[in-house]
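Inspection log for the structure reproduced underneath, given as structure tokens.
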Amino acid sequence: MNIGIILGSTRDGRVSPQVGNWVKELADSRDDANYQIVDIMEYQLPFLGTTDGTEPGIAAWSEKINELDGFVFIVQEYNHGMTGALKNAIDHLRDEWHDKAAGIVSYGSTGGARAAEHLRGVMGELKVADVRVHPTLSLFTDFENFSDFKPADMHEENIHAMLDQVSAWSTALRPIRISDDVNVEK
Ligand SMILES: Cc1cc2nc3c(=O)[nH]c(=O)nc-3n(C[C@H](O)[C@H](O)[C@H](O)COP(=O)(O)O)c2cc1C
């Protein structure tokens, strides 16, 4: 099983790689799935619909999400929602998301809770089963100077509990993904 840890921010100086790498390190200590970082910045996606759609990053993004069985979204709060970059990347695809599971790790002044709830509504429309356990990281206590990630120890248990659910639901939804593949031809 392949699970992508998707970095939701793209700005210069972003902290999402630190958070994503920490989640991956914890995930790699498990033996339930192959975990990989998926950095939306690498795909250089244009704003949806503003080009002829032939940029190689668009096809590569589709291929990457298609090959994954589940996701962990690294979500940061921008104006009480997810980043425009993450929403744009999500909107670029449809079937590629369907019948998969996702966990959310968020951060912000209130643990990124509002951005995470924003994402949950979007996941529902895309037939992604978002799991209950939701590690929330505080910009005030899990980062030094809002930039150096120093997570409190207590989060590790929560990360594993979230990954337990993502891995179980990604497995449980596999038969539905397979039957959807068959139905694509119809
Ligand atoms: C445009 C913008 C809006 C923001 N709005 C919020 C907000 O509404 N709530 C919050 O808790 N933090 C907010 N922040 C702070 C970010 O959560 C913080 O800068 C975080 O490090 C951003 O993630 P990143 O470093 O991966 O880009 C905002 C930051 C930016 C750049």
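Note that ligands are numbered from 1 as they come in the structure, with each ligand's atoms numbered from 1 the same way.
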_Residue pair Glu96 / Ser62: nearest heavy atoms and the distance that separates them_ = OE2-OG, 2.8 Å

*If you count the atoms of ligand 1 from 1 in the order shown, which ones are under 4.0 Å from a heavy atom of Gly108?*
11 (O)

*What is the closest protein heavy atom to atom 20 (C) of ligand 1, and at what distance does it sit?*
Tyr107 CE1, 3.8 Å

*So is Phe146 close enough to ligand 1, meaning a heavy atom under 4.0 angstrom away?*
no

*What's the shortest distance from atom 19 (O) of ligand 1 to any protein heavy atom, and which residue and atom give it?*
Arg11 NH2, 4.0 Å

*Would you check the N or O atoms of Arg14, main chain and side chain alike, for any that come under 3.5 Å of an N or O of ligand 1?*
no

*asked:* My understanding is that we take every heavy atom of each candidate and find the minimum distance to atom 16 (C) of ligand 1. Doing that for His80, Arg114, Glu77, which one comes out nearest?
replied: Glu77

*Around atom 5 (N) of ligand 1, find the nearest protein heavy atom and jot down its residue, atom name and distance.*
Asn79 N, 2.8 Å

*Under 4.0 Å from a heavy atom of Ser109: give me the atoms of ligand 1 that qualify, with their elements.*
10 (C), 11 (O)

_For the CG atom of Leu26 and the CD atom of Glu156, what is their distance to the nearest 0.5 Å?_
5.0 Å

*In plain terms, say whether Arg114 and Glu117 are close enough for a salt bridge, that is, a side-chain N and a carboxylate O under 4.0 Å apart.*
no

*Among Phe149, Phe140, Tyr78, which residue places a heavy atom closest to atom 1 (C) of ligand 1?*
Tyr78

_Non-hydrogen atoms of Asp99 and Arg177 that approach each other most closely_ = O-NH1, 2.9 Å

*May I ask you to check whether Tyr107 and Phe143 place their ring centers less than 6.0 Å from one another?*
yes

*Enumerate the atoms of ligand 1 whose separation from the nearest heavy atom of Val15 is less than 4.0 angstrom.*
21 (O), 24 (P), 25 (O), 26 (O)

*Taking atom 18 (C) of ligand 1 as the reference point, the nearest protein heavy atom with its distance*: Leu139 CD1, 3.9 Å

*asked:* Give the atom numbers and elements of ligand 1 that come within less than 4.0 Å of a heavy atom of Gln76.
replied: 22 (C), 23 (O), 26 (O)

*First locate atom NZ of Lys100, then atom CG of Leu173, and finally report the distance between them rounded to the nearest 0.5 Å.*
10.5 Å

_Using a 3.5 Å distance criterion without hydrogens, assess whether the side chain of Glu77 forms a donor-acceptor pair with backbone atoms of Gly111._
no

Side-chain atoms of residues 37-46: list all donor-acceptor pairs with protein atoms under 3.5 Å, sequence neighbours left out, distances to 0.1 Å.
{"from": "Asp39", "atom 1": "OD1", "to": "Arg14", "atom 2": "NH1", "distance (Å)": "3.0"}
{"from": "Asp39", "atom 1": "OD1", "to": "Met41", "atom 2": "N", "distance (Å)": "3.1"}
{"from": "Asp39", "atom 1": "OD2", "to": "Arg14", "atom 2": "NH2", "distance (Å)": "2.8"}
{"from": "Gln44", "atom 1": "NE2", "to": "Met41", "atom 2": "O", "distance (Å)": "3.0"}

